[in-house]
Amino acid sequence: MTDNPPSSARRCNVSRQELVELVRSQLEALLQQENFQGAKALLVPVQPVDIAQAIEDLPKAMQAIAFRLLSKQEAIEVYEYLDSSVQQSLIAELRHQEVLDIIDKMSPDDRARLFDELPAKVVRRLLEQLSPDEREATALLLGYKEGTAGRIMTTEYLSVKEDLTISQAIERVRVFASAAETIYYLYVTDRERHLTGTLSFRDLVIAQPEQRLGEIMTRDVVFVHTDTDQEEVARVIQDYDLVAVPVVDTEQRLVGIVTVDDVLDVLEQETTEDIYTLGGLEAGGDRYFQTNILTAARKRVLWLFVLLIANTGTATVISSQEDVLKQVVALAAFIPLLIDAGGNVGAQSSTVVIRGLNLKEVGIKKALQIVTRETITGALLGVMLGVAVIIWAYFLEGSLPIAITVGISLVAITIIAAFSGSGLPFLFGSLGLDPALMSAPFITTAVDVLGVFIYLMIARVILQI
């Protein structure tokens with residue numbers, strides 16, 4: 001039964017993830033039986049991206065065996081979809097010539113991304129043995145700063161001169177289409193390769209054969225520079241609904257394009273980094289669940305130490321107010337409730353502000369307006385939560401003064417939390433620091449230390465201690 005590849009009918013009845021798991025389980029079973037012919041037949045109808053995920057999920061010892069079952073063209077396509085850690089593992093496992101054949105046929109941007117993950121010694125050796133054209137294209141991309149348009153662009157695009165006729169341009173597309181990453185757009189340049197216009201494939205095929213490209217091309221070109229940040233590139237493609245955006249150098253010469261599939265990779269990478277940063281984790285290139293335990297611990301320990309040290313401030317405040325807690329022991333029971341509620345409000349405020357900063361929806365000029373808005377929101381949340389807490393505290397302790405103390409403290413703490421959560425990202429951003437990375441520990445510290453201090457001060461006044 002495991003010898004039969006997934007049929008089209010079966011594939012229609014399962015999700016993509018179920019299909020990948022089905023392929024993986026059957027592939028693993030066939031490899032264990034050393035039925036390599038059956039394993040090869042199993043992979044024939046499967047898409048390269050699904051084969052890549054199935055191979056990633058195999059035991060490490062089987063990954064290279066499964067990869068060798070692919071034809072040369074399939075191997076090149078599948079390799080580009082593999083996670084960087086699996087790519088590196090295969091480089092170590094495959095014969096040298098097999099590696100060269102695959103890497104030489106990869107698109108330059110995918111090859112540059114792989115080289116970023118490899119040791120410098122390995123990169124130098126592989127670069128030396130690439131074909132001259134591929135070596136030049138890869139070296140060009142690696143020469144640009146990481147995280148910029150120049151680093152993620154591809155040099156496999158179609159450009160045409162504006163003095164060509166439509167029929168000449170179509171003939172050029174016919175000859176060079178197989179070497180280009182996309183032919184949906186043609187990029188028009190002058191004799192010095194300066195970008196002068198763009199032309200969609202649709203406009204090309206409906207134009208009259210004798211017309212010149214300069215007559216029908218779009219001259220108002222949307223482009224980015226080689227040093228444009230990759231997040232800005234993604235935003236340009238999103239805002240203008242582009243399939244690809246041309247990349248020019250400082251002299252406006254066309255040097256490459258960034259395609260929408262590369263932008264999706266950038267957005268996934270940037271979103272992952274932002275989420276890790278908000279959680280106080282060090283972002284890394286490898287998938288978190290594929291890293292070893294020691295590496296995972298190292299990625300998480302830094303900010304845990306920072307928070308541990310910062311929270312000694314809370315212990316100091318509590319120690320200095322021991323006389324209050326000794327006289328009214330019930331107050332201590334509500335400290336976790338208050339600082340947790342404040343921490344949640346602060347986290348919400350910082351999340352919306354940091355997201356707004358990343359999407360360029362808000363900036364430093366709007367800081368006062370945004371902080372004011374969030375602080376008022378925090379006050380409203382505090383009143384709503386405070387009323388509920390007063391009722392709950394009275395039900396638990398049977399003391400109205402203690403209940404009122406807890407409720408008023410919660411209002412004050414949520415106001416401080418909202419103010420800190422919305423204000424600190426702007427502050428750190430203006431200082432050139434990463435708002436997501438820096439805000440979380442400082443918001444936690446501010447809410448914990450000030451929250452406990454305010455709570456116990458309010459208790460002194462209301463309970464007349």
Side-chain touch [X]/[Y], heavy atoms, less than 4.5 angstrom:
X	Y	result
Ile416	Ser420	yes
Phe67	Leu82	yes
Tyr185	Leu199	no
Leu142	Leu127	yes
Val243	Thr182	yes
Glu361	Lys366	no
Val258	Gln230	no
Leu114	Ile103	yes

Closer than 4.0 angstrom, basic N to acidic O: yes or no for [X] and [Y]?
X	Y	answer
Glu128	Arg124	no
Glu98	Arg68	yes
Arg253	Asp249	yes
Glu171	Arg174	yes
Asp116	Arg113	no

Tell me if the [atom1] atom of [X] is crowded by more than 12 foreign heavy atoms within 6.0 Å.
X	atom1	value
Gln129	CD	yes
Arg235	CZ	yes
Arg373	CZ	no
Phe419	CZ	no
Phe36	CZ	yes
Lys161	NZ	yes

So Tyr144 and Met153, side chain to side chain contact (heavy atoms under 4.5 Å, CB included) or not? Walk me through it.
CA-CA 10 Å; Tyr144 293 111; Met153 71 182 183; 3.7 Å; yes

Decide salt bridge (charged side-chain N to carboxylate O under 4.0 Å, His left out) for Arg212 and Asp163; before the verdict, give the C-alpha distance in whole Å, the side-chain angles of both, and the deciding distance to 0.1 Å.
CA-CA 6 Å; Arg212 299 281 175 183; Asp163 58 353; 6.0 Å; no

Looking at [Y], is its backbone amide N or carbonyl O close enough to the side chain of [X] to form a donor-acceptor pair, meaning the two atoms are under 3.5 Å apart?
X	Y	answer
Arg219	Gly214	yes
Thr414	Gly378	yes
Gln87	Tyr79	yes
Ser25	Glu21	yes
Ser349	Gly346	no
Thr375	Val371	yes
Gln63	Glu56	yes

Is it the case that the side chains of [Y] and [X] hold a donor-acceptor pair, with the cut-off being a distance below 3.5 Å and no angle test?
X	Y	value
Asp133	Ser131	no
Glu74	Ser71	yes
Gln168	Thr165	yes
Gln53	Gln17	yes
Glu232	His225	no
Glu156	Ser107	no

Evaluate the side chain to side chain contact (heavy atoms under 4.5 Å, CB included) criterion for residues Glu181 and Asp262: first the C-alpha distance (whole Å), next the side-chain angles of each, then the deciding distance (0.1 Å), finally the verdict.
CA-CA 11 Å; Glu181 187 150 333; Asp262 293 320; 4.0 Å; yes

Among Val205, Ile206, Leu213, whose side-chain contact (heavy atoms from CB on, under 4.5 Å) with Ile166 holds?
Leu213

Among Leu43, Val23, Leu42, Leu27, exactly one meets side-chain contact (heavy atoms from CB on, under 4.5 Å) together with Ile51. Which residue is that?
Leu43

Taking every non-hydrogen atom, the tightest pair across [X] and [Y]:
X	Y	result
Leu357	Gly363	CD2-CA, 4.4 Å
Ala66	Leu58	CB-CD1, 3.7 Å
Ala341	Leu410	CB-CD1, 3.7 Å
Gly421	Ile443	CA-CD1, 3.5 Å
Leu130	Arg135	O-NH1, 2.8 Å
Leu100	Leu126	CD2-CD2, 4.1 Å

Yes or no on side chain to side chain contact (heavy atoms under 4.5 Å, CB included) for Asp265 and Ile152, after CA distance, side-chain angles and deciding distance?
CA-CA 10 Å; Asp265 292 338; Ile152 63 171; over 6 Å; no

From [X] atom [atom1] to [Y] atom [atom2], the distance as rounded to the nearest 0.5 Å:
X	Y	atom1	atom2	answer
Glu77	Gln47	CD	CD	9.0 Å
Arg24	Asp57	CZ	CG	6.5 Å
Ile76	Asp110	CD1	CG	12.0 Å
Leu427	Ser422	CG	OG	11.5 Å
Glu28	Ile65	CD	CD1	11.0 Å
Ile415	Leu380	CD1	CG	9.0 Å

Evaluation steps, side chain to side chain contact (heavy atoms under 4.5 Å, CB included), between Ile91 and Leu118
CA-CA 10 Å; Ile91 284 178; Leu118 294 174; 3.7 Å; yes

side-chain hydrogen bond (donor to acceptor under 3.5 Å, both in side chains), that's the test. Do Glu374 and Gln348 meet it? Break it down for me.
CA-CA 10 Å; Glu374 284 301 309; Gln348 289 177 342; over 6 Å; no

Six-ring centre of Phe115, Arg111 cation under 6.0 angstrom, axis tolerance 45°
no

Residues in side chain to side chain donor-acceptor pair (under 3.5 Å) contact with Asp190, at least two apart in sequence or another chain:
His194

